[in-house]
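Remember, predicted model here, so these are calculated numbers, not experimental data.
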There are 2 protein chains.
Amino acid sequence: MAEPDTVIGVMDRTDRQLLTLLQQDATQSYVALGQAVGLSGGTVHERVRKLRERGVIRRTTVDVDPAAVGKAVAAFVLIEANAWMGDPPTARALAELPWVQEAHVVAGAASVLVKVRAGSPEELQAVLKRLYRIAGVTGTQTIVVLETFFERPVDTGE
Amino acid sequence: MAEPDTVIGVMDRTDRQLLTLLQQDATQSYVALGQAVGLSGGTVHERVRKLRERGVIRRTTVDVDPAAVGKAVAAFVLIEANAWMGDPPTARALAELPWVQEAHVVAGAASVLVKVRAGSPEELQAVLKRLYRIAGVTGTQTIVVLETFFERPVDTGE
DNA sequence: TCTGAAAGCAGAGACGT
DNA sequence: ACGTCTCTGCTTTCAGA
């Protein structure tokens with residue numbers, strides 16, 4: 001049985017190893033990455049370039065401590081609606097709220113689930129108030145985060 | 001009234017601008033960042049170094065498409081328990097499951113909320129089965145993601 | 001597809017303002 | 001705290017296996 005490939009393209013063990021290493025520290029040099037996977041720097045450079053090109057690597061970014069930028073409070077909000085909310089207008093309305101970090105259309109009693117980050121409980125309340133102003137929203141259920149155990153990159157299998 | 005600073009240290013407007021720019025693209029050179037905020041490359045280099053030192057920037061990483069590494073299915077699982085689950089043993093048990101991308105202790109009916117990524121509904125089911133084997137777990141409520149509108153970095157206010 | 005080398009540039013830090 | 005300068009090292013490309 002062949003290695004299960006994705007729709008996007010060929011992904012061998014080395015590529016997944018590189019993704020894991022880059023997720024841990026994207027400031028590493030290609031030579032250092034090459035030593036870790038047993039390849040030359042030039043080859044690693046080419047592989048990473050292709051991973052970016054294919055969209056497997058979406059972007060290189062920095063992980064910022066939310067508390068340091070005044071977003072110490074996190075919450076998940078289940079949004080109920082009386083109409084279909086899985087369309088672009090809903091996505092846009094949610095994207096306009098900078099406190100909304102993630103938004104997903106979900107199966108179940110709720111229509112949409114959003115992850116919210118605010119500076120205080122009062123600010124969280126203000127965000128909830130604004131969520132109610134979005135077309136179709138009939139109710140919310142808020143789950144406040146008391147402590148975050150961990151938030152980590154997607155597992156690549158390597 | 002002075003600018004509200006965080007516990008971690010002084011964070012002025014320029015620092016928040018730099019964080020936003022780095023979240024968008026951490027491969028930019030310090031000179032390019034300097035042009036964007038009106039500073040020299042050397043000064044930006046020093047500011048970013050301090051942001052890393054203080055832990056405001058936790059790490060530089062790459063954003064990987066989950067579907068490309070065989071994790072096309074996402075779900076949020078609310079875990080109910082008959083004992084306090086906010087302790088390190090629970091965190092460790094959850095961290096051992098590579099499908100668990102995030103884990104939070106939450107307020108409300110559930111004790112813990114986890115974000116899970118799997119390759120298929122069957123694999124998701126297998127993960128749920130393993131969650132039940134963690135000490136104290138008495139039930140779960142699973143919210144399957146049908147479509148992700150967006151997942152983006154924390155808003156810095158700039 | 002990989003290696004190794006050559007050329008251009010960015011990163012890291014010392015120093016002066 | 002910011003800018004300039006320098007040196008070191010990495011990135012990027014390409015010829016060749």
Side-chain angles (χ1 to χ4, degrees), chain A residues 2-65 68-70 156-158, chain B residues 1-64 68-69 153 156-158:
Chain A
E3 183 123 6
D5 290 341
T6 65
V7 190
I8 290 174
V10 185
M11 285 279 300
D12 64 8
R13 204 174 102 85
T14 304
D15 282 333
R16 287 196 296 272
Q17 284 179 323
L18 288 173
L19 289 175
T20 299
L21 291 166
L22 287 170
Q23 281 175 338
Q24 287 162 8
D25 179 10
T27 67
Q28 288 174 91
S29 73
Y30 291 124
V31 173
L33 291 168
Q35 284 167 350
V37 301
L39 287 174
S40 75
T43 302
V44 171
H45 179 260
E46 180 63 9
R47 277 179 177 261
V48 173
R49 193 193 64 72
K50 282 181 184 164
L51 287 170
R52 287 185 204 281
E53 194 183 63
R54 282 186 226 151
V56 175
I57 294 176
R58 289 164 165 166
R59 63 174 163 184
T60 302
T61 184
V62 291
D63 185 9
V64 172
D65 178 8
V69 291
T156 65
E158 301 292 337
Chain B
M1 191 167 94
E3 184 124 5
D5 291 342
T6 64
V7 191
I8 290 173
V10 185
M11 283 280 299
D12 65 7
R13 205 174 101 85
T14 304
D15 282 333
R16 286 196 296 272
Q17 284 180 322
L18 289 173
L19 289 176
T20 298
L21 290 166
L22 287 170
Q23 280 175 339
Q24 286 162 8
D25 179 10
T27 67
Q28 287 172 93
S29 74
Y30 291 126
V31 173
L33 290 168
Q35 284 167 349
V37 301
L39 287 173
S40 75
T43 302
V44 170
H45 182 260
E46 180 62 11
R47 276 180 178 261
V48 173
R49 192 193 63 75
K50 283 180 183 163
L51 288 170
R52 286 185 205 279
E53 193 183 65
R54 282 185 224 151
V56 175
I57 294 176
R58 288 163 165 165
R59 62 175 164 182
T60 303
T61 184
V62 291
D63 186 9
V64 172
V69 292
T156 65
E158 300 292 338

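- Comment: A/Arg49 engages A/Glu46 in a salt bridge, judged by a side-chain N to carboxylate O separation of less than 4.0 angstrom.
- One can place CZ of A/Arg47 at 8 Å from C1' of C/dT1, the figure rounded to the nearest angstrom.
- Looking at the side chain of B/His45, the nearest of the listed nucleotides C/dC2, D/dC2, C/dG13 is C/dG13.
- The distance between atom CG of B/Leu39 and atom P of C/dT17, rounded to the nearest whole Å, is 20 Å.
- In this structure, the CG atom of B/Asp25 is 13 Å from the P atom of C/dA10, given to the nearest Å.
- Counting to the nearest Å, the C1' atom of D/dC5 and the CD atom of B/Glu46 are 16 Å from each other.
- Summarising the geometry, the separation between CZ on B/Arg13 and C1' on D/dA1 is reported as 18 Å, rounded to the nearest angstrom.
- Of the candidate nucleotides D/dT13, C/dT3, C/dA12, C/dT3 has the atom nearest to the side chain of A/Ser40.
- Look at CD on B/Gln35: it is 17 Å from P on D/dC2, rounded to the nearest Å.
- Between the side chains of A/Thr60 and B/Thr27, no donor-acceptor pair is found at a separation under 3.5 Å.
- Counting to the nearest Å, the C1' atom of C/dA12 and the OH atom of B/Tyr30 are 9 Å from each other.
- Taking atom CG on B/Leu33 and atom P on D/dC2, their separation rounds to 15 Å, with Å as the unit.
- Side chain of A/Ser29, nearest nucleotide from D/dC10, D/dC2, C/dA12: D/dC10.
- The one candidate from B/Arg58, B/Arg54, B/Arg59 that meets the salt bridge (charged side-chain N to carboxylate O under 4.0 Å, His left out) condition with A/Asp65 is B/Arg58.
- B/Gln28 CD to B/Leu18 CG: the interatomic distance, rounded to the nearest 0.5 Å, is 9.5 Å.
- For B/Arg49, taking side-chain heavy atoms from C-beta onward, the closest of the listed nucleotides C/dT3, C/dG13, D/dC2 is C/dG13.
- Taking the side chain of A/Lys50 as heavy atoms from C-beta on, and the options C/dA12, C/dT1, C/dC2, the nearest nucleotide is C/dT1.
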